[in-house]
Structures are given as structure tokens and as C-alpha cells.
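The structure under discussion appears below in the form of C-alpha cells.
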Amino acid sequence: MSAAELQRRTGYCGALRAGDVGRRVVLQGWVHRRRDLGALLFVDLRDREGVCQIVFNQERDAGLHARAAELRSEYVVAVGGEVVRRDAATVNPALATGEVEVVATALEVLNTARTPPFPLTEEAADTVSEEARLKYRYLDLRHPGMQANLRLRHKVVNAIRNAFDAQGFLEVETPFLTRSTPEGARDYLVPSRVYLGSFYALPQSPQLFKQLLMIGGADRYFQIVRCFRDEDLRADRQPEFTQIDVEMSFPDQDTLFGIIEGVLRDACAAAGREIALPFPRMSWDEAMAKYGSDKPDLRLPPMTEVGGLLPAAAREQLKLAEGMPLLLIRIPNVGELSRRERDELRPLAEGRPVRLFEDFARVARNFPGPAAAMRQASGAEEGDLLALVGAAAGIGAVAETGAGEAAASPAEARAAVRAVQTHAGALRLALGQRFAERHGRFGAGALRFLWVTEFPMFEWDETERRWAASHHPFTSPREEDVAGLERDPGAVKARAYDVVLNGIELGSGSVRIHRAEVQAKIFELLGMGPEEAKARFGFFLEALQYGTPPHGGIALGLDRLVMLLAGASSIREVIAFPKTARAVDLMVDAPTPVAAAQLKELGLRVPGM
RNA sequence: GGGGACGUAGUUCAGUUGGUUAGAACGCCGGCCUGUCACGUCGGAGGUCGCGGGUUCGAGCCCCGUCGUCCCCGCCA
């Protein structure tokens, strides 16, 4: 075989099958492993599609065999040879290419390689420190697991684009160098060289642009777009992340939900997962009451409100607050808890304003009648773990009020109830995680989608002493709540919704305000006077006055979606070049200081430089 | 900003009450080996115990500081 022929590969080595027997092939790839039996030498050659065994036989070609003996891990080689069927005894069923092997007749080393700092095997992702993996990300990406994640992400994105296209959505790009709108997360800023002292901001999301596209008549828009938020990170949060950004004019919530469900169905199908439509829906109030969370994980059963089943005397004896939720947590198939396991659960409630009765059997001994009613109300079955959570006495709607004093305000009462629900929900999840192997519901498999609707319009910001938009300030209140905006802002519900998957917030959206006067009113409620609103969002308020159609949309977290479909526990596993929890890129070493001249040109001075 | 876990060979880890020369497996290098596929086998090299300071006759181990990675709370409209 000539050197020229070795330059042109005939296909992927990972794609060879029994049907290729007899073909003369040229393969190019990495030396995955080498098994040197002396006069007989096997090389597993790897490329994107997999590995294939190459045989070098000293008897057939001593010179070739001698050169093959020089090969080392991760050398890049071109191999010419013939695909032959393996003897029945030497077939490797663990390998997709295991029925065949390539008898080499030509070999060229295209590149040598230093010994990798860690093994490039699937297990490396679980065993090697993430620090090493991130520093040598280009090597980490070579192993089959990461290759599969990259491919999965591509297929999902492709399916999403096709699904939106089929529904008449146009993908439109929006600016990265834009304007800081100091509401929400911290911005990443980009200094302007031309206008010293002025800055662009990288978008936290293309929110206003997509609304302006609706005003611009685009009608249906989507974009798979990078967003930037300078906030502290988590396993599911990166400083730059990718949103599936969507907006449509003349929206009807059911229509939008249907479109998004269809897109998600196609995205899951691209990952080989079938999901049932439509997704269940639940109001925010119901989610909080039954799951103690605005992102319920439906893989575990809801909690049951059992306060009405407990007589006042028992409530007092258990040191539980009056008029507050009493929630029964049920975790299926956990079985009997050992004394030690119960002891380990007790600290979970420490530091929370709630009382956790992790030993339901004891409650049942003291209050058999009510306990039986609770079991029944929760639908408990044999082997289910039951735990009771209530507000500790002194907490709640009428807490700490002396005789004759008025009860707490409706807002304070709501906040107290919510606090108990939230803590109970956190305990529910903690118990679920603690016994995950036993109930098995957190294992791979289930994809439980859910719409959560009717979010509160505002949240009280205690530090700023003002109302804050719980979604964003362009979200429309429900029509029937507009009248009550000023009287009790905390009771106003928004036309906002989240789509939740397995307890993770996958996306968030709303029907927007499309009338300037309503928008102005909301800004006012948020403590933003007309001048300030004009200074920050003047361009947008002006745009609203030029015939803005009703519009609404949603933004879905692509990284989180792919993470869940990949069965990964961090979005870093599905991002080619992610950053650490301290927002550092260990591979390129960013961020870095810059030269004084560069700073000067931008009119910046850094303390200590 | 707060809390927690971790940091020892290239990798993953062990390292006893503070005590002689810091170990193992894998990987790496060399020898042998014609059916291996996590090849086998024999031999070998490889260490700033994250970094700085302190206590001590003596520190991988104790104390203080610092850096880094991960997880959680706050934060993330």
C-alpha cells in the first residue's frame, strides 16, 4: 500500500462490521491499547465511532511488526489492511467491532503522543479528579463517555431546531454586546474603548430583544443562545450557559405548552427516550402545598396535609404551632428503618423552624386513631417510610403576638406557611435522596415533566425592603388580579409558568405585558419611578407604544436538559469546555490579568496595579 | 458572604499514638511471550506529602494562615 493511499481513510474503525469482511481498508485514529504478545501484537485503534482490533504478525511482515512494536498509547496512526472475520473462539462480544479484526499490511505514525496524565477510558469520568479532567479537557473529551455526551447534545439541539422550524419559528440572533439592565443577576461587563467609562453588558438572557422581535412582527422566534450571569455556581449553573429561547405573538397558553411539549418530546426522542404528552399541570399554590417546592420532583409521591386529623391536645403535646401546615412525607419502599438510621435523620431538621417526626411508628403508638387516618389519607402502603413535619410551636400566623394584638398580616401569614412547606419539601427530598437505592425512583429511567403555573407576581425582598418581580418585571399579572395590584401585591398571581423535569427547573416563561400603562404600573410597584424606568428601559417603554401585540414565551435550559438525558449529575459533563465552581477555565487559564497598556486603552485602573 | 468534604508517585488511594528508608494498585520504561482484548510474566524507574509559617529532639500526621477542586445555603429578575 502506497503512502498516498494511507493518507485517505476508508471509514471509521469503530464502524467495521462482519459485512466488511474482505475489504481492504485504511483506518486513522488513536492507539487506544496495545497488547504485545511478542511475535503477535494487537492494537485497539480508536476513533469517534469506537475501537477496532488491528493485528500485526511478525511472521507475515517482520519489518511492519517491528514498527508496530514502537507504538504507544494515543499515538495517531494510519493503518492499511484487510478486514477479516475472527475465529469463533476469538470473537469479542463486548465490542461492536468484535466479530472482525484488521490484518495490517501498512502502518504510518501520523503523530506521537506524550503519555496522557490520566487513562482515557469511560471510567475516568467517575474516578479521575475533575481538576485534572478540566485542565486536560481535550484529552478528557476523547473518551467514549464524553464523546457520547457531545453527540447527544448535538442530536438534541438538532431535533429542537427542526421541531421549532416545523412550527414556523424563526431562529434570530440577538446581540451579545448589549446594555446593562440592573435588575436580576450581576452582569458581565465589557468596557468600551471608544466611549471610555461606558460598558456593554453580556446578556443574562435576550429577554427584551425577543419581545422587541415580537413588536417587530417576527411572530414566532426561537434561538439557541448563550447567556451570561455573574453569580455563584452550582452543579447545574455555569457563568455562561445555553438557553433555548422562545417567544410568540398572540399566544395562548395551551398552544405554547403544546408547542414546547412537542419540542421536548422530539428532543427526548433524539436521545432515544419516549415521553408521554401532555405534561401534567399544577398551580404554584398546589406545588408548594403538596411538594413544598416550586419545582416538584414527581418521582416521589406528594406530601399530605394531615393537620385536620390531629386533635388540638395532641398538637399541643407534640409542641406544634396552631393553624400551620402539618405534612406527612411518604417515601415508598424504604422498609423498616434501623435505630441508627432514624438517629441519622434527626439532625436534618436542625436549624429549621419545623419539627420532624422521623419515627411515625412512635406517633402511631401515642395517637393511634389520628395516625391511622393519616396513613389512609396519604395512601401509604406497607414498607413506605412515613415522616411527619409540622411548624414548631411559636412559629406561624399568630406567633409572638401578645393578648389583644392583631394577628399577623396576610402577607406574613403566607410567608410563615410557605416557610413550613419549603422546609418540609426540603426534608422530603433529603429523605428521598438518603434512601434512593431502596426506593429506586431516582435511578435512570423516569423523565417526569410538569408544568407549574400561576406563580406569584412578586416576592418581598427583605434586604431591599421592597417588592421584587418573582419572574421578571415584564411578566403580565393575571387579568383578574390587576385590580388588586396595589392592595395586596403578594397575593397577585402572574401569567408565569415553569416546566420542571425530575425536580429540576428546566424552563421558565410568561405571557408578557404588552401595554405601556400596565408596564409603567409594574415598574412603579417595584419601586422604580417614571424617571428611573425611563432611564433603564426607556427604549422598551417607547417600543410598547407602537402597537405591541400580545406575546409570551419561555426559555429552557439546554445544558440541564441534556444533562438529564445523559444521566449526568452536572452540566459540566455536557459542556465541552466548562468552568470550575469559581468560574475559572483551568485549560486556558482564564480569567487572567491583562497588560497595563490594554487597561489604559480602555480607561481602566485596577487597584494595586 | 457562610457551611461542609477533599488535596500524598502520572492516576486512584493507603499511611497506626508524631518516630528508622512514605507504601499499594493501575499507568510508565526494559526483558520474555503467536490469539490477546483490563493479555500474561520477570525486572526497573518514579515523591516539593498543595504552598507558607509554627509547635516539637523529630511533622504526611498537631496548630495557624493561604491556594485549589467539589457539594450545599445565600445569590441566580
Side-chain angles (χ1 to χ4, degrees), chain A residues 32-45 51-60 65 69 72-74 84 86-95 97-98 101 103 114-124 126-136 139 181-187 204-205 207-208 227-239 241 351-352 422-423 426 429-430 433 455 457-459 461-464 467-475 494 496 505 508-510 522-523 526 528 536-537 555 557 569-570 572 579-582 584 586:
Chain A
H32 187 59
R33 245 189 272 275
R34 183 181 56 117
R35 288 175 296 281
D36 186 350
L37 276 62
L40 192 63
L41 185 128
F42 299 97
V43 167
D44 287 340
L45 194 65
V51 298
C52 177
Q53 177 166 278
I54 316 290
V55 193
F56 295 92
N57 192 326
Q58 191 171 46
E59 225 168 52
R60 293 175 70 101
H65 172 269
R72 293 295 180 269
S73 283
E74 300 307 310
V84 302
R86 296 201 198 182
D87 292 342
T90 62
V91 164
N92 184 351
L95 221 54
T97 60
E101 61 192 4
V103 176
R114 292 170 60 183
T115 302
F118 49 81
L120 305 187
T121 59
E122 192 119 20
E123 301 79 62
D126 298 325
T127 58
V128 176
S129 78
E130 211 169 338
E131 204 169 347
R133 292 179 58 204
L134 289 178
K135 181 170 181 192
Y136 296 97
L139 294 177
T181 53
E183 185 89 13
R186 238 172 264 123
D187 286 320
Q204 297 175 23
S205 86
Q207 182 60 36
L208 289 175
C227 301
F228 307 86
R229 293 179 191 173
D230 184 6
E231 294 292 345
D232 290 338
L233 307 178
R234 289 280 192 286
D236 60 353
R237 297 196 324 225
Q238 283 273 298
F241 61 100
R352 301 176 191 265
T422 306
H423 288 297
L429 283 181
Q433 270 149 20
F455 274 65
M457 186 79 183
F458 305 104
E459 281 161 16
D461 185 331
E462 194 51 49
T463 44
E464 304 257 330
W467 290 102
S470 37
H471 183 53
H472 57 54
F474 315 106
T475 299
E505 179 192 319
S508 199
S510 63
I522 297 297
F523 280 148
L526 294 173
M528 210 187 298
R536 288 187 186 181
F537 301 109
S569 53
S570 156
R572 292 187 299 274
K579 292 179 178 58
T580 69
R582 301 268 313 268
V584 168
L586 292 176

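Residue numbers begin at 1 in each chain, while the letters A, B, ... track the order of the sequences.
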Yes or no on salt bridge (charged side-chain N to carboxylate O under 4.0 Å, His left out) for A/R237 and A/D232, after CA distance, side-chain angles and deciding distance?
-> CA-CA 8 Å; A/R237 297 196 324 225; A/D232 290 338; over 6 Å; no
Hey, is the side chain of A/R133 poking within less than 4.0 Å of OP1 or OP2 on B/rC70, counting only N and O atoms?
-> no
Could you measure between the two P atoms, the one in B/rA45 and the one in B/rG4, and give it in whole Å?
-> 44 Å
Could you give the CG-to-C1' distance, from A/L37 to B/rG31, as a whole number of Å?
-> 15 Å
Pairwise P distance, B/rA9 and B/rC49 [rounded to whole Å] | 9 Å
Results of ring-ring contact (aromatic ring centres under 6.0 Å, His included) for A/F474 - residues two or more places apart only = A/H472, A/F537, A/F540
Rounded to the Å, how far apart are A/L120 CG and B/rC28 P?
-> 11 Å
Determine the interatomic distance between P on B/rG19 and the same-named atom on B/rG23; round to the nearest Å.
-> 15 Å
Here the distance between atom P of B/rC75 and atom CZ of A/F228, to the nearest Å, is 24 Å
Roughly, in whole Å, what's the span from CZ in A/R34 to C1' in B/rA38?
-> 15 Å
Could you go through the side chain to side chain contact (heavy atoms under 4.5 Å, CB included) check for A/L586 and A/T580 one step at a time?
-> CA-CA 7 Å; A/L586 292 176; A/T580 69; 3.6 Å; yes
Heavy-atom protein contacts under 4.0 Å, nucleotides 5-12 of chain B, coded B base, S sugar-phosphate only, - none = -----SSS
Atom CG of A/L40 and atom P of B/rC37 are separated, to the nearest Å, by 12 Å
Nearest-angstrom distance, P atom, B/rA22 to B/rU16 | 15 Å
Residues that A/E231 engages under salt bridge (Lys or Arg N to Asp or Glu O under 4.0 Å), provided they are two or more places apart = A/R186
When we call it a touch if two heavy atoms are under 4.0 Å apart, what does A/Q58 touch: a base, just sugar-phosphate, or nothing?
-> nothing
May I ask you to evaluate whether A/R35 reaches the phosphate of B/rU36, defined as a side-chain N or O under 4.0 Å from OP1 or OP2?
-> no
Gap in Å between the two C1' atoms, one belonging to B/rU8 and one to B/rA25, rounded = 15 Å
Return the set of residues passing side chain to side chain contact (heavy atoms under 4.5 Å, CB included) with A/L139 (not counting sequence neighbours), or none when no residue passes.
-> A/P116, A/P117, A/F118, A/L120, A/Y136, A/R142
Between atom CG in A/L41 and atom P in B/rC33, what is the gap in whole Å?
-> 13 Å
Salt bridge (Lys or Arg N to Asp or Glu O under 4.0 Å) involving A/R234 - partner list, sequence neighbours excluded = none
Rounded to whole angstrom, note down the P distance from B/rC6 over to B/rC61.
-> 15 Å
Which nucleotide in B/rG30, B/rC72, B/rC37 has an atom nearest any side-chain atom of A/R72 | B/rG30
Does OP1 or OP2 of B/rC39 have a side-chain N or O of A/R33 closer than 4.0 Å?
-> yes
Ranking B/rC71, B/rU69, B/rC76 by distance to the side chain of A/R229, first place goes to B/rC76
Does the side chain of A/R582 get closer than 4.0 angstrom to OP1 or OP2 of B/rC67 through an N or O atom?
-> no
Considering only heavy side-chain atoms of A/R237, the closest of B/rU69, B/rG74, B/rU34 is B/rG74
Ignoring backbone atoms, test whether A/T580 places a side-chain nitrogen or oxygen under 4.0 Å from the OP1 or OP2 oxygen of B/rG68.
-> no
Identified side chain to side chain donor-acceptor pair (under 3.5 Å) partner of A/Q53 from the options A/R33, A/H32, A/E101 = A/E101
Measure from the side chain of A/D232, starting at C-beta and using heavy atoms only, and say which of B/rC28, B/rG1, B/rU36 lies closest.
-> B/rG1
Between B/rG65 and B/rC76 - C1' atom distance, rounded Å | 32 Å
Short side-chain N/O contact from A/R234 to OP1 or OP2 of B/rC73, under 4.0 Å | yes
Reckon A/R114 has a side-chain N or O less than 4.0 Å from the OP1 or OP2 of B/rG27?
-> no
When you compare B/rU41 with B/rU36, how far apart are their C1' atoms, in angstrom units rounded to a whole number?
-> 14 Å
Measure the distance from NE2 on A/H423 to P on B/rC73 and round it to the nearest whole Å.
-> 13 Å
NA contact type, A/T475, heavy-atom cut-off 4.0 Å: base, sugar-phosphate, or nothing?
-> nothing
Can you sort out the partners of A/H423 under side-chain hydrogen bond (donor to acceptor under 3.5 Å, both in side chains), two or more places apart, ordered by chain and number?
-> A/R352
Please report, rounded to the nearest Å, how far the P atom of B/rC33 is from the CZ atom of A/F56.
-> 19 Å
